[in-house]
Amino acid sequence: MFVQVIQGQVTDTEQAHAAMDRWMEELAPEASGWLGTTAGVTADGRFIALARFDSADAARRNSDSPAQDKWWHEFSSLLSSGATFHDTEDVVLDLQGNPDSAGFVQVMQGAGSNPERAREVMGQHRDEWAAFRPEILGSEVAMYDEGDYTMAMYFTTEAEAREGEQKEVPPELQADMDEMNALAGGPPEFYDLKQPWLYSPS
């Protein structure tokens, strides 16, 4: 799988949402290899999107199409300082439910000291995590640049996510959390998408 992370500061959230909807309606049917997109804007106007393709070649073909170029020119005019891109094929998916039904998505960005070990820890105790936090529908982690990452967590609702955060964590799961924190290069940046835009092929 290939993921492109796109982010920037939007000048008009409603126009950005309409542009994304227009991409889904007009360009998605011709986007060979496109698997889905998670996007949204935070309360302070930060836009972030994770676009999934089955390969880097598929993403490149989509990017090179004249229709995509025209759409991007229009969409990027809504970004006050341009866009930042991160491309990667180092992707970890963990699906417990249907992320497209999420009512709240929290995206985290940060850096870690040992991506290989972080990948191992994320693969541990998946069933236990699913039982402990049933409101988590899944996660998507894109890793790039020797330890940097973008992680999207999909929740049923924000209220249930906040309630889950307050639960006392069992010791074995707490050990996972402690190790992940030890591997982190500092606190992550959070993007709370209270009205996530979730797109997938029809």
Side-chain angles (χ1 to χ4, degrees), residues 1-10 16 35-56 59-60 63 76 79-96 99 102 104-126 128-130 132-133 135-155 158 161-162 164-166 169 171-194 196-198:
M1 181 182 291
F2 173 88
V3 168
Q4 182 171 69
V5 181
I6 311 157
Q7 56 198 106
Q9 191 77 21
V10 297
L35 301 176
T37 298
T38 296
V41 176
T42 64
D44 58 356
R46 291 174 296 150
F47 167 81
I48 192 161
L50 291 85
R52 302 181 298 280
F53 290 85
D54 61 17
S55 68
R60 192 175 302 111
S63 180
S76 61
L79 303 177
S80 58
S81 301
T84 300
F85 298 87
H86 300 292
D87 296 347
T88 183
E89 291 179 290
D90 191 355
V91 181
V92 178
L93 292 180
D94 184 15
L95 303 180
Q96 304 294 339
F104 174 64
V105 175
Q106 186 172 70
V107 180
M108 291 158 277
Q109 282 190 320
S113 60
N114 189 334
E116 289 297 326
R117 179 55 186 161
R119 190 180 295 104
E120 291 174 2
V121 176
M122 284 188 288
Q124 297 175 166
H125 304 121
R126 286 185 171 180
E128 290 87 347
W129 275 112
F132 176 62
R133 297 289 301 273
E135 81 282 5
I136 298 177
L137 299 172
S139 63
E140 173 185 348
V141 187
M143 292 181 277
Y144 43 86
D145 296 343
E146 303 299 325
D148 292 353
Y149 69 88
T150 298
M151 179 178 192
M153 296 284 293
Y154 300 84
F155 298 90
E158 182 179 10
R162 301 307 183 193
E165 290 174 355
Q166 302 304 314
V169 183
E172 62 182 3
L173 301 185
Q174 185 64 53
D176 289 353
M177 292 179 62
D178 291 345
E179 183 168 3
M180 289 296 289
N181 289 335
L183 294 171
E189 182 176 8
F190 290 90
Y191 293 75
D192 285 355
L193 306 182
K194 296 175 181 290
W197 312 338
L198 303 170

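These figures come from a predicted structure and were not determined experimentally. Hydrogens, waters and symmetry mates are skipped; everything else that's a heavy atom, side chains included, is used.
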[atom2] on [Y] to [atom1] on [X], rounded to 0.5 Å:
X: L183; Y: R117; atom1: CG; atom2: CZ; result: 7.5 Å
X: L193; Y: I48; atom1: CG; atom2: CD1; result: 7.5 Å
X: F190; Y: R46; atom1: CZ; atom2: CZ; result: 10.5 Å
X: D148; Y: D90; atom1: CG; atom2: CG; result: 12.0 Å
X: S139; Y: F155; atom1: OG; atom2: CZ; result: 9.5 Å
X: S55; Y: E89; atom1: OG; atom2: CD; result: 7.5 Å

Judged by modelled atom types alone, do [X] and [Y] share a side-chain donor-acceptor pair under 3.5 Å?
X: Q9; Y: S81; value: no
X: N114; Y: E116; value: no
X: D44; Y: T42; value: yes

T37 and W197: CA distance, side-chain angles, deciding distance, side chain to side chain contact (heavy atoms under 4.5 Å, CB included) verdict
CA-CA 8 Å; T37 298; W197 312 338; over 6 Å; no
After noting the C-alpha distance and the side-chain angles of M177 and L173, does the key distance pass the side chain to side chain contact (heavy atoms under 4.5 Å, CB included) rule?
CA-CA 6 Å; M177 292 179 62; L173 301 185; 5.8 Å; no
State, with a plain yes or no, whether a side-chain heavy atom of [X] is found less than 4.5 Å away from one of [Y].
X: M180; Y: M122; value: yes
X: Q109; Y: Y149; value: no
X: E172; Y: H125; value: yes
X: Q174; Y: D176; value: no
X: M1; Y: F53; value: no
X: T150; Y: V107; value: yes
X: Q7; Y: V5; value: yes
X: T38; Y: V105; value: yes

Got a salt bridge between R162 and D192, using NZ or NE/NH1/NH2 to carboxylate O under 4.0 Å?
yes
Can you check side chain to side chain contact (heavy atoms under 4.5 Å, CB included) on M143 and M151, steps first, answer last?
CA-CA 8 Å; M143 292 181 277; M151 179 178 192; over 6 Å; no
Ring geometry between H86 and Y144 (parallel below 30°, tilted from 30 to 60°, perpendicular above 60°):
parallel
I'd like to know if the side chain of S80 reaches the main chain of V10, judged simply by a donor and an acceptor atom lying under 3.5 Å from each other, with no hydrogens or angles considered.
no
Report yes or no: is the cationic atom of R52 (NZ for Lys, CZ for Arg) under 6.0 Å from the centre of the six-membered ring of F2, at an angle within 45° of the ring normal?
no
Restricting to non-hydrogen atoms, name the atom on G147 and the atom on P115 that form the minimum distance, rounded to 0.1 Å.
CA-CG, 3.6 Å
If every non-hydrogen atom of A102 is compared with every non-hydrogen atom of P196, which pair is closest and at what distance?
O-CG, 3.9 Å
Does R126 form a salt bridge (Lys or Arg N to Asp or Glu O under 4.0 Å) with E128? I'd like the steps, not just the answer.
CA-CA 5 Å; R126 286 185 171 180; E128 290 87 347; over 6 Å; no
Walk me through it: do E140 and Y154 pass the test side chain to side chain donor-acceptor pair (under 3.5 Å)?
CA-CA 9 Å; E140 173 185 348; Y154 300 84; 3.1 Å; yes
